[in-house]
Novice: 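After the structure tokens below, expect a handful of questions from me.
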Amino acid sequence: QVPLVESGGGSVQAGGSLRLSCAVSGNIGSSNCMGWFRQAPGKEREGVAVIYTGDGGRTYYGDSVKGRFTVSLDNDKNTVYLQMNSVKPEDTATYYCAADRRGESSCVPYGEYKYWGQGTQVTVSS
């Protein structure tokens, strides 16, 4: 069973907005760091944004999305969101939700995460 289920992907024009959702649907252990990664065809996986689910809710963003994307958490719904604004064609990729257990200062969109979703496609047209 895939423990994380993404939704909300689709096609959008450059400059538009899209919101992705990641629902926890299975066992993710004691994960306390959740977020988003993306991978475009022929490119390496890139960290987009993560959020620490403990006290403080610290967030961390990749340089390419700072100021445009916002990651947030709804604890009641066990769902993490990625609000994507001012999207660009270079944001086109498959977006994956991931979860891991890390210290607050280590909750960054780099390294190996233990739990993954199956991904949702985002296509931005110019």
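Small disclaimer: the values here were computed from a predicted structure and weren't measured. Heads up: numbering here begins at 1 and tracks the sequence.
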Novice: Tell me, please, which residues at least two apart from D55 pass salt bridge (charged side-chain N to carboxylate O under 4.0 Å, His left out).
Specialist: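 By the salt bridge (charged side-chain N to carboxylate O under 4.0 Å, His left out) rule, D55 matches no residue at all.
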Novice: For R58, enumerate each residue passing the salt bridge (charged side-chain N to carboxylate O under 4.0 Å, His left out) test, keeping only those at least two apart in sequence or located in another chain.
Specialist: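 None.
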Novice: Please list, one pair per line, the donor and acceptor atoms closer than 3.5 Å that link side chains of residues 69-82 to other protein atoms, with sequence neighbours excluded.
Specialist:
from : atom 1 : to  : atom 2 : distance (Å)
D74  : OD1    : D76 : N      : 3.0
D74  : OD1    : K77 : N      : 3.2
T79  : OG1    : K77 : O      : 2.8

Novice: Is there a chain of hydrophobic side chains (I, L, V, M, F, W, Y, each step under 4.5 Å between heavy atoms) that links V50 to Y61?
Specialist: no
Novice: Taking only residues two or more places apart in sequence, or in another chain, which ones meet K43 in a salt bridge (charged side-chain N to carboxylate O under 4.0 Å, His left out)?
Specialist: none
Novice: Would you confirm whether Q1, through its side chain, and S25, through its main-chain N or O, come within 3.5 Å as a donor-acceptor pair?
Specialist: yes
Novice: Going from CD on E46 to OH on Y96, what distance comes out if it is rounded to the nearest 0.5 angstrom?
Specialist: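 Rounded to the nearest 0.5 Å, the CD-OH separation comes out at 13.5 Å.
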Novice: Any salt bridge linking D91 with K88? Criterion: basic side-chain nitrogen under 4.0 Å from a carboxylate oxygen.
Specialist: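 Result for this pair is no, no salt bridge flagged.
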Novice: Which pairs, with at least one residue in residues 23-69 and sequence neighbours excluded, count as a disulfide (SG to SG under 2.5 Å)?
Specialist: C33-C107
Novice: Rounded to the nearest 0.5 Å, what separation is found between the CD1 atom of I51 and the CE atom of M34?
Specialist: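 Between atom CD1 of I51 and atom CE of M34 there are 9.5 Å.
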Novice: How would you list, by chain and number, every residue that makes a side chain to side chain contact (heavy atoms under 4.5 Å, CB included) with R101, sequence neighbours excluded?
Specialist: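 Residues passing side chain to side chain contact (heavy atoms under 4.5 Å, CB included) with R101: S30, N32.
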Novice: Checking the side chain of T123 only, and the main-chain atoms of T92 only, is there a donor and an acceptor separated by less than 3.5 Å?
Specialist: no
Novice: Could you please spell out the steps behind the side chain to side chain contact (heavy atoms under 4.5 Å, CB included) verdict for T94 and T120?
Specialist: CA-CA 5 Å; T94 300; T120 186; over 6 Å; no
Novice: Apply side chain to side chain contact (heavy atoms under 4.5 Å, CB included) to R38 and V65, showing your working.
Specialist: CA-CA 11 Å; R38 68 186 182 187; V65 305; 4.0 Å; yes
Novice: Could you pull out all residues at least two apart from K114 that satisfy side chain to side chain contact (heavy atoms under 4.5 Å, CB included)?
Specialist: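 D100.
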Novice: Can you list every pair that meets ring-ring contact (aromatic ring centres under 6.0 Å, His included) and has a residue in residues 16-51, with sequence neighbours left out?
Specialist: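 Of all non-adjacent pairs touching residues 16-51, those that pass ring-ring contact (aromatic ring centres under 6.0 Å, His included) are F37-Y113, F37-W116.
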Novice: How would you list, by chain and number, every residue that makes a side chain to side chain donor-acceptor pair (under 3.5 Å) with R45, sequence neighbours excluded?
Specialist: none
Novice: Donor-acceptor pairs under 3.5 angstrom involving side-chain atoms of residues 6-22: please list them, not counting sequence neighbours.
Specialist:
from : atom 1 : to   : atom 2 : distance (Å)
E6   : OE1    : Q118 : N      : 3.1
E6   : OE1    : G119 : N      : 2.9
E6   : OE2    : C97  : N      : 2.8
E6   : OE2    : G119 : N      : 3.2
S17  : OG     : N85  : OD1    : 2.9

